[in-house]
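Single-structure report; data block below.
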Amino acid sequence: MLEPEAIGLWTEIKLQIIHEYAAAYTKILKEREWCRGYGYIDAFAGPGEFVAKQDRDRIISGSPINALNIEHKFSEYHFIDINQLKINHLQDLTAGRPEAKTVHLHLGDANEILKRAILPNFQYESFKRALCILDPYGLDIEWTTIECIGKTKTMDVFLNFPLMDINRNAALKTLETSNPEEGMRLTKIWGDDSWKHLAYVEQGDLFSSSVLIKKDEGNEILKRGFRERLKQVAGFSFVPEPILMKNKKGGHLYFLFFASHQPVAQNIAEAILRKWGAK
Ligand SMILES: C[S@@+](CC[C@H](N)C(=O)[O-])C[C@H]1O[C@@H](n2cnc3c(N)ncnc32)[C@H](O)[C@@H]1O
């Protein structure tokens with residue numbers, strides 16, 4: 001039995017952003033005669049419903065269920081989660097719905113499942129398109145996955161860049177005090193260790209060995225650097241400024257990135273991000 005997870009206001013805002021974009025996305029793609037299908041891929045899907053932190057009687061649909069609830073449906077849905085109980089819960093929530101036949105549930109690691117079972121069906125020659133949501137709790141996305149998604153040229157992506165996990169574990173103020181295994185997790189999502197040279201500066205004098213100290217504007221540097229990588233290395237032509245998601249106390253949780261190959265997609269996403277980011 002799955003204990004319901006409680007979510008705060010910023011998670012509700014993220015859900016709203018994805019929901020609004022998904023609704024606009026299918027509305028546009030249903031008019032494109034060349035398009036042979038448009039999928040929704042929730043790679044870190046979660047259980048499909050939560051309760052509100054402030055009022056545990058208020059049930060809130062998660063991103064997979066919101067995607068099923070939009071007016072113009074996607075032609076296929078892929079929900080991936082590594083947790084069996086969450087997949088079971090999604091199964092209960094989706095069975096019996098009119099869209100059930102188009103829903104594919106995948107149990108396992110999103111990085112492996114995307115590359116093996118889903119991306120091959122969305123190559124450019126397929127004339128299919130997809131909206132892919134990469135929303136883990138922490139540093140669970142591999143750069144190779146992001147790069148493979150970018151290279152398809154068929155997908156728009158929302159991506160959670162987990163600043164809190166990075167700052168608490170992988171990239172501490174003095175790099176030498178971070179557990180190297182934690183640093184490796186950041187290298188895995190970043191694709192190489194160039195984040196160290198960007199965000200840190202060497203400090204020391206003649207009498208002590210030098211250490212790497214994080215620059216004051218470390219978060220901004222990581223944001224700019226990752227945005228550049230999405231464009232230059234993963235090949236997304238359009239990556240608007242992400243929004244910073246914070247908790248109730250103002251603590252920095254993550255950057256919500258959007259990446260696409262279409263200018264119209266960027267315009268729509270940017271307007272939605274700006275609207276909610278300003279709240
Ligand atoms: C933040 S939740 C997703 C919430 C969902 N996007 C929503 O807003 O409704 C992250 C989910 O990722 C799952 N997860 C963690 N690591 C994973 C992995 N390597 N592959 C697939 N799912 C994973 C967790 O079990 C958890 O349910």
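Every number for a ligand or one of its atoms is a count from 1 in the order of the listing. Bear in mind the structure is a predicted one, so any value in this text is a computation, not a measurement.
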Next item on the list: Run the ring-centre check on Phe258 versus Tyr21 and record whether the distance is less than 6.0 Å.
Entry: yes
Next item on the list: Taking atom NZ of Lys188 as the centre, report whether more than 12 heavy atoms of other residues, nucleotides or ligands fall under 6.0 Å from it.
Entry: no
Checklist line | Atom indices of ligand 1 within 4.0 angstrom of Lys14 heavy atoms, with elements | finding: 8 (O)
Check: Is Asp81 in polar range of ligand 1, meaning some N or O pair under 3.5 Å apart?
Finding: yes
Next item on the list: Kindly indicate whether a cation-pi arrangement holds for Lys231 with Phe236, taking the cut-offs as under 6.0 Å to the six-membered ring centre and within 45° of the axis.
Entry: no
Checklist line | Atoms in ligand 1 with a heavy atom of Lys86 nearer than 4.0 Å | finding: 25 (O), 26 (C), 27 (O)
Checklist line | Sub-4.0 Å atoms of ligand 1 with respect to non-hydrogen atoms of Gly108 | finding: 20 (N), 21 (C)
Checklist line | Any N or O of Asn83 closer than 3.5 Å to N or O of ligand 1 | finding: no
Check: Short N/O distance, under 3.5 Å, between Pro47 and ligand 1?
Finding: no
Notebook entry, point to check: Going by the angle between their ring planes, with limits at 30° and 60°, are Tyr40 and Phe79 parallel, tilted or perpendicular?
Noted result: perpendicular
Notebook entry, point to check: Has the side chain of Asn160 got a donor or acceptor atom that lies under 3.5 Å from a matching backbone atom of Leu256?
Noted result: no
Checklist line | For Gly62, atoms of ligand 1 separated by under 4.0 Å from a heavy atom | finding: 9 (O)
Notebook entry, point to check: Evaluating non-hydrogen atoms only, which member of Ile82, Ile80, Ile7 is closest to atom 16 (N) of ligand 1?
Noted result: Ile82
Check: Looking at Phe50, which atoms of ligand 1 are within less than 4.0 Å of one of its heavy atoms?
Finding: 7 (C), 9 (O)
Margin query: Keeping Arg185 on the side-chain end and Ala170 on the backbone end, is there a donor-acceptor pair under 3.5 Å?
Written below: no
Checklist line | Distance-only N or O hit between ligand 1 and Ser63, under 3.5 Å | finding: yes
Checklist line | is_close_aromatic(Phe226, Phe257), centroid dist under 6.0 Å | finding: yes
Item checked: Those atoms of ligand 1 less than 4.0 Å from some heavy atom in Ala110 -> 18 (C), 20 (N), 21 (C)
Check: For Asp55, does the CG atom have more than 12 heavy-atom neighbours from other residues, nucleotides or ligands under 6.0 Å away?
Finding: yes
